[in-house]
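Any value given below was found using the heavy atoms of this structure, including those in side chains, with hydrogens, waters and symmetry copies removed. No experiment lies behind these values; they were computed from the predicted model shown. Below, read A as the first sequence line, B as the second, and so on, with proteins coming before strands; counting in each chain starts at 1.
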Number of protein chains: 4
Amino acid sequence: MGAAGAGARRPRTDKQRNRAHILEVAEEFFSERGITGSLDAIAKQAGVGPGTLYRHFPNREALLAALLQTRDEELVSRRDAIRREEADSGIALARWLEAMGEWLTAFDGLPEPLRAALSEETSPLAITCQGFITTTDEFLHAAQRDGAAHPWVRGRDLFLTVLATAWVRSAALADESSPQALHALMQSGWMTPRTERGPLT
Amino acid sequence: MGAAGAGARRPRTDKQRNRAHILEVAEEFFSERGITGSLDAIAKQAGVGPGTLYRHFPNREALLAALLQTRDEELVSRRDAIRREEADSGIALARWLEAMGEWLTAFDGLPEPLRAALSEETSPLAITCQGFITTTDEFLHAAQRDGAAHPWVRGRDLFLTVLATAWVRSAALADESSPQALHALMQSGWMTPRTERGPLT
Amino acid sequence: MGAAGAGARRPRTDKQRNRAHILEVAEEFFSERGITGSLDAIAKQAGVGPGTLYRHFPNREALLAALLQTRDEELVSRRDAIRREEADSGIALARWLEAMGEWLTAFDGLPEPLRAALSEETSPLAITCQGFITTTDEFLHAAQRDGAAHPWVRGRDLFLTVLATAWVRSAALADESSPQALHALMQSGWMTPRTERGPLT
Amino acid sequence: MGAAGAGARRPRTDKQRNRAHILEVAEEFFSERGITGSLDAIAKQAGVGPGTLYRHFPNREALLAALLQTRDEELVSRRDAIRREEADSGIALARWLEAMGEWLTAFDGLPEPLRAALSEETSPLAITCQGFITTTDEFLHAAQRDGAAHPWVRGRDLFLTVLATAWVRSAALADESSPQALHALMQSGWMTPRTERGPLT
DNA sequence: GATGAATGAGGGTTCATTCAT
DNA sequence: GATGAATGAACCCTCATTCAT
C-alpha cells in the first residue's frame, strides 16, 4: 500500500510524483462525480493516506485550486491566441467568453465553489477568479473602445454571467441547443434593440 | 414530546395539521439557513419525528416542491396582474422575468435543486419548472409577436437565464450593482446591435 | 448487524436495552483499557452504529457520567451503611474516604476527567463530584464536632486528596504498600504532632 | 527552510545546536500549551524536521526527560540551599517538599508522564523520579532521626503525595486556598492526633 | 545527520433514511 | 399514522512515527 501507482514503491522525487498523481486522480474523480466527492476517497484511490493528501492540499478548495491552475495554462494560451489572431475586438471578447465558459465546465459542479470564492477575499480560488475578471476587462475595454460592446457593461458582470451559464449548463444537457442559446442571449439579450422598433415612449 | 408544539394537543386531523405545520417550519428554516439544512432539525423543530416528516415528504426535494407550491400562488397572482395591467408585451415579459427572479431567490440555495430537477423528468420540482417555462413562453411569444423580443429566443432559455442569475446572485452580494447589471445583460446583451455599427462584413 | 446481542433483532423496548448494553460494554472497555479508548470501538463492540452511541451519550463525558451513576448507587449504599453502623465519627469519615477512594479507582484513568470536570460548572461529572464533596462535608463536620478532625480541613480538600491519591495509585501498583501508606499520610500527615516534640520554638 | 531559525545559518556543530534549540523551543511550548501539544509543531517551530527531533529524542518522554534535566539543576540548587541553611530537619523536609511541588507544576500536565514513568523501570523519566525520591529520603531520614517525621513514612510515598498534589492543583485553580490546604493535609493529616483525644480504645 | 514526505489508524461528529413499535 | 431509535457510511482532520532521500 502507499505506492504511487507507477511501479516501484516511492521512487525518487516522489513528492512531485505523488502530488501529480493525486491531481490526476482528483481530476478524474471530480470530472466523473463532481467536486463534492470525498477527499478521503480520492486519497484512497490515489493510493496515499489521507494525511498525504492533506499535506499537499490542506482542504478541498486548495486541491481544486491546484487542479485549476493546471487548466489555467490552457486558458492563458487561448487568451494569447485570441489576442494574436483576432483583430475585431468584439469577436475577440466573444471568443474569450466562450473559452472561459468551456473552462468553467471542466468539472461538474465547478461553478459552485468559484461563486462561493467570490465572496471571500482570502480563498485561493478567488485569485483565479480575479485573474479571469481582469482578462475579461481587458477584452471588454477594447471592445467598448471600438463601440462593439455596451459601455455600461463591466468585466465582473460578464464573468458572472459566463459563470452562471456554465452552472446552468450542467442541467440543460438534455437540451442540445441550450448552450448556444444562452450564449446568444448573453450576447444580444432577449430584447430587440429599440432602434428597430422605434422609441419606447 | 411528539406534540405539534404550537399550542394544540393534536386532535383528530393530525395528518393535515402536521403537514401544514411542517411546511411552516420548513419555510422558516429554509429562509433562514438555506435549503441545505438538516431535515432532522426541521422535524424536531416542528415537533414531529423524522419518520413523520418522511411520510409526508419522502425526500428533501418533495418537501421543497410542496413548499414552493405555496409560493407558487403568489407568483401566479403576479403573473395575472402583469397580464392584466401591462399592455406592452415587452415590458410584460420583463416584469415577468423579474418576478420569477425574485421568486427564485426566496431561499438561499434554491436554484440548485431546480437546476437538478430539470434533468430529471420525474422530479416534483420539474413540474414546477415546467409551469414557469410555459408561462415564460406565453409572455415571450406575445413579445415576439410584437417584435419586442428576438424571434430566436425560447422560453426555456429565458428561464434558465433567470435561474442562473438567481444562482449567481448569492455570491455577488458584496457588489450591490450586480443584480441590475445581470438583468440588463440578459435583456440587451453585451454586444451593441450591429445596426449601430454597420454590417459585420 | 445492529442487533443488541441478546437474540432477536431489536426486540422490544430496545432503547433501554441498547443503552444498557452500551453501558455494559463501555464498562468493560473502560475497565480494561482505561477511559481513553475509542468511542467508535465501544459502539462497534456493542454492535451498534456510532450514531446510536452518540444519540444516547453525546460525548465521552456523558457516557462516563452515565456509567458512574450506576456505580453511584453502590457508593450511596456504602455511605448509608457507614452512617448506620459507625458511631465514631472519625472512623466513619475514614471509612467514607476509603469507600470513595475505591470508587475512584473503578476505571483506569477515571480521576483525570473528574479533575477536569471540577473546573467546569456545566459538566455532568461536576455534579457527581459535588455530591461527593457534600457527603464528605457531612462526615467531616461530624468528625470536627467530635474533635476527631482538624477544624481547618474542608470537605473539598479531602475530596481532592482522595482523588489525587486515586490518581497516583494507578502508577504505584508495583508497590503494594503504597495505597495504605498514602492513606495513612492523608490521615496523619508526615509530621509528628508538635505536642509530642514540644513547641516549634 | 530547515535552518535553525534563530539567526545563525547552521555551521558545523549542528547536532548540539539543534538539540539545544529544540529544547528551548520545547520548553516554551510546553510551558504555554502543556505537554500534550504536537511534537510536529515543536519541530516546526524549532525549524527542524520531525525526523531530526526524533533523532535527538526518540519520543515525547525522552524530550521531556531532557527538558527536566535542565530544570533539575535548579532543584539541586534549592536542595543544597536548604541543606546549608536549614538546621531544623522537619522544616528542611517541608521546604524540600514545597520545592519539589513547585518544580512539578512547571508545565501543565507534567505529573501525568511522571506517574506513568514510575511503573516502568526503563523510562528516562523514572531516573529523574528516582533522584527525587532519594533526596526526599535523605531529608526524611534526618527528620525521622530528629523525631520530626513519623517513622512509618517513606520517601517514595511523600514523593507520590507531592506528585498527586501537583496533579490535582491544575483543577483546583478556581479555589485559591486549595494548594495550601492540601499542603497542610499532607503535613498534618485530617485526623487530630490521638494524644489530644485520649486513647482509641 | 538531517530532512520532511508519507503513513494510516483514529478522533469526534452528522444526517438521510429505514423500520420496529 | 406517528414515532423516534437505529443505522452506518461519510465527513474532515490530526499526529506520532517511519524511512527514503
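Annotation for A:Ala41 and A:Ser38: closest pair N-OG, 2.9 Å, computed over non-hydrogen atoms.
For the pair B:Asn18 and F:dG1, the criterion of a side-chain N or O lying under 4.0 Å from OP1 or OP2 is not met. Proximity of C:Tyr54 to the phosphate of E:dT14: a side-chain N or O atom is located under 4.0 Å from OP1 or OP2. At least one side-chain nitrogen or oxygen of A:Ser38 sits closer than 4.0 Å to the OP1 or OP2 atom of F:dC11. Side-chain N/O atoms of B:His56 include none lying less than 4.0 angstrom from OP1 or OP2 on F:dG1.
Between the CD1 atom of D:Ile42 and the P atom of F:dC15 there is a distance of 11 Å, rounded to whole Å. Rounded to whole Å, the distance from CD on D:Glu61 to C1' on F:dT17 is 16 Å. The distance from atom NE2 of C:His21 to atom C1' of F:dA6 is 15 Å, rounded to the nearest whole Å. For B:Leu63 and E:dT17, the CG to P distance is 12 Å, given to the nearest whole Å. For the pair C:Phe57 CZ and F:dA6 P, the computed distance is 10 Å after rounding to whole Å. With rounding to whole Å, D:Leu53 atom CG is found 14 Å from F:dT18 atom C1'. Note: CZ (C:Arg33) to C1' (E:dG10) measures 13 Å, nearest angstrom. Here F:dA16 presents its C1' atom at 15 Å from CD1 of D:Ile35, a figure rounded to the nearest Å.
Mapping B:Gly51 and B:Leu39 onto DNA chain E by nearest heavy atom places B:Leu39 at the nucleotide closer to the 5' end. Positionally, the nearest nucleotide of DNA chain E for C:Ala41 lies more toward the 5' end than for the other of B:Asp40 and C:Ala41.
Ring-plane geometry between C:Trp167 and D:Trp167 is classed as parallel, the angle between the planes falling under 30 degrees on a 0 to 90 degree scale with a further cut at 60.
Residue contacts for D:Thr52: at a heavy-atom cut-off of 4.0 Å it reaches a base atom on one of the strands shown. Residue contacts shown for D:Pro58 are absent, as no nucleic acid heavy atom lies under 4.0 Å away.
With no hydrogens or angles considered, no side-chain donor-acceptor pair links D:Thr128 and D:Gln69 at under 3.5 Å.
When Watson-Crick and G-U wobble pairs are counted only if both distances are under 3.5 Å, E:dT7 pairs with F:dA16.
Closest to the side chain of A:Pro50, from the set F:dC13, F:dT17, E:dA16, is F:dC13. Listed nucleotides: E:dA16, E:dT13, F:dA16. Nearest to the side chain of C:Asn59: E:dT13. Here E:dG1 is the nucleotide among F:dA16, E:dT3, E:dG1 with the atom lying nearest to any side-chain atom of D:Arg55.
Atoms CD1 and CZ, on A:Ile42 and A:Phe57 in that order, are 10.0 Å from each other to the nearest 0.5 Å. In this structure, D:Asn59 CG and D:Leu64 CG are separated by 10.0 Å, a value rounded to the nearest 0.5 Å.
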